[in-house]
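In what follows, every heavy atom counts, from backbone to side chain, and hydrogens, waters and symmetry copies are set aside. Order of the sequence lines sets the chain letters (A, B, ...), proteins ahead of strands, with each chain counted from 1. These numbers come from a predicted model, not from an experiment.
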Amino acid sequence: MLLSRRKWYISFITIGLLLIGYLLYAYFNAFQTVTFTFDSSEGSAELVDATGRTGITANTPIRLKKGSYYVAKKGENITRQAQEITIDSSTDTIAVTFWYSSDYLTKLLAQESSAIHNTLSQQYPKVLQLYAIQNETLYHRGDLYGAILMYKGKDRDNGDTLRVILRKEGDTWKVMSLPSPVLTTISLPTVPRDVIFDVNVKK
Amino acid sequence: MVIISILLLLVGLIWLSFNAYQSRAGKEFVTVSLTPKDATITGDIALKNAGKHYIAPGVYSITVSRDGFANSEQRVEIVKGRENIIVALLRPESDEAKQWAKDNQNEYLKAEADGARAAQLEGDLHRERSPIVKELPIRDPYFTIGYKAKDDNDITVTIRGTSPRYRQAAIEHLRSRGFEPADYDIEYVNYNNPLTEDAS
């Protein structure tokens with residue numbers, strides 16, 4: 001059966017419109033509106049991908065193509081470690097976390113040290129008698145503390161070097177688990193792995 | 001008009017396929033075997049009945065129930081890129097349920113086969129996730145590294161050494177073999193932590 005020229009036109013136009021509709025749908029579906037949240041008084045952030053760098057304004061929605069990006073951070077007391085993010089159709093808010101630089105963390109540690117030692121000795125009254133606290137470090141936003149406890153008691157068979165992590169919750173430091181020769185992600189599920197790893201390799 | 005209808009039908013089919021693809025994106029094919037088949041699932045998982053489903057990878061807590069049968073509470077894990085089977089075989093409690101079980105032995109036999117398959121998959125996953133198991137025990141003149149199985153399909157790595165130095169050597173040995181101690185549940189055998197009894 002031969003179709004008239006008019007019917008051919010209608011068919012092509014219909015297919016063309018459907019194709020255009022699909023392409024428009026696919027194009028708009030490739031973008032997502034997201035809001036980056038961070039404290040701009042602490043530092044600034046930029047979005048980095050293969051096409052370049054884009055400045056981000058805190059708490060302002062921005063329309064971005066779905067995919068993977070890095071968030072580069074800058075600030076006086078901020079570490080420059082980039083944050084990898086993925087934007088998909090379920091992403092609406094991305095928290096940009098500023099972690100403090102090691103210099104700033106060292107300053108904070110000097111302020112927090114006695115409170116941390118008090119917490120440790122309150123929870124374990126013999127800790128300062130049996131162990132010397134060494135190689136102390138604050139991590140991330142100064143809310144995580146790790147150190148090793150070098151044994152100085154007389155029980156040589158059980159004199160393993162212990163490792164301890166404390167977290168600051170509000171104004172209070174809290175020992176996250178019994179100081180142990182090896183800390184694990186299983187016994188400390190809420191502590192970031194990089195912190196546990198670092199404390200475990202302290203000497 | 002016929003041509004246009006066929007074209008519209010084709011476009012519709014393509015559209016439906018696209019939507020089906022999108023709704024399954026990031027999800028895994030899961031076979032759910034329930035005995036009795038009309039038992040229902042509740043919990044933090046997006047499925048209610050037996051059959052074939054697409055579920056996002058993750059760990060879920062589910063309860064399978066049916067009147068007259070004991071509930072089955074399970075922790076199920078949907079793993080990306082693997083065959084996933086959820087099996088629940090409910091124990092009959094009421095007289096009516098017991099009679100049903102007696103009359104439907106074939107369903108129980110089939111469920112047992114599904115259960116065996118699920119157990120095999122779980123074992124494979126266990127070995128794949130804990131490659132350290134293939135390496136243990138490690139026996140050194142100064143220390144022994146072994147393991148014991150836990151209830152949740154995981155393991156505890158056990159370290160036995162006669163002194164702090166040798167226990168630390170065991171930890172270093174694990175690292176040197178490419179196993180990060182922080183990722184394992186580790187137990188020191190014959191070690192008394194001086195702070196254990198000191199905790200206030």
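At a 4.5 Å heavy-atom cutoff, the contact between A:N200 and chain B is made by backbone and side-chain atoms alike. B:I159 does not touch chain A: none of its heavy atoms, backbone or side chain, sits under 4.5 Å away. Proximity to chain A involves both the backbone and the side chain of B:N192, based on heavy atoms less than 4.5 angstrom apart. Proximity to chain B (any heavy atom under 4.5 Å) is restricted, for A:L18, to the side chain, taken from C-beta onward. Using a 4.5 Å cut-off between heavy atoms, B:Y184 contacts chain A through its backbone alone, with no side-chain atom that close. Residue A:L188 does not touch chain B at all, counting heavy-atom pairs closer than 4.5 Å. Contact annotation for A:R193: only side-chain heavy atoms (C-beta onward) come within less than 4.5 Å of a heavy atom of chain B.
The environment of CZ in A:R6 is sparse: at most 12 heavy-atom neighbours from other residues, nucleotides or ligands sit within 6.0 Å. Atom NZ of A:K66 is surrounded by more than 12 heavy atoms from other residues, nucleotides or ligands within 6.0 Å. Summarising the local packing, OH of A:Y70 is surrounded by 12 or fewer heavy atoms from other residues, nucleotides or ligands at distances under 6.0 Å. Other residues, nucleotides and ligands place more than 12 heavy atoms under 6.0 Å from the CZ atom of B:F29.
Within residues 171-180 of chain B, the residues approaching chain A closer than 4.5 Å by heavy atoms are, in numerical order, B:I171, B:E172, B:R175, B:E180. At a heavy-atom separation below 4.5 angstrom, chain A is approached by no residue within residues 136-144 of chain B. Listed in order of number, the residues of residues 83-101 of chain B that approach chain A to under 4.5 Å between heavy atoms amount to none.
For A:D171, there are no salt bridge (Lys or Arg N to Asp or Glu O under 4.0 Å) partners, not counting sequence neighbours.
In terms of heavy atoms, B:L195 sits closest to A:L149 at CD1-CD1, 4.2 Å.
Rounding to the nearest 0.5 Å places CG of A:D157 at 8.0 Å from OG1 of B:T162. Rounding to the nearest 0.5 angstrom, the gap separating the CG atom in B:N193 from the CG atom in A:D160 is 8.0 Å.
Here A:L162 is the residue among A:I196, A:I10, A:T14, A:L162 with the most heavy-atom pairs under 4.5 Å with chain B. Top candidate by heavy-atom pairs under 4.5 Å with chain A, chosen from B:Q168, B:R165, B:R167, is B:R167. Chosen from A:L183, A:L19, A:I186, the residue pairing most often with chain B at heavy-atom distances under 4.5 Å is A:I186.
Using the six-membered ring where Trp is involved, B:W15 and A:Y22 have ring planes that are perpendicular, over 60° apart on the 30 and 60° scheme.
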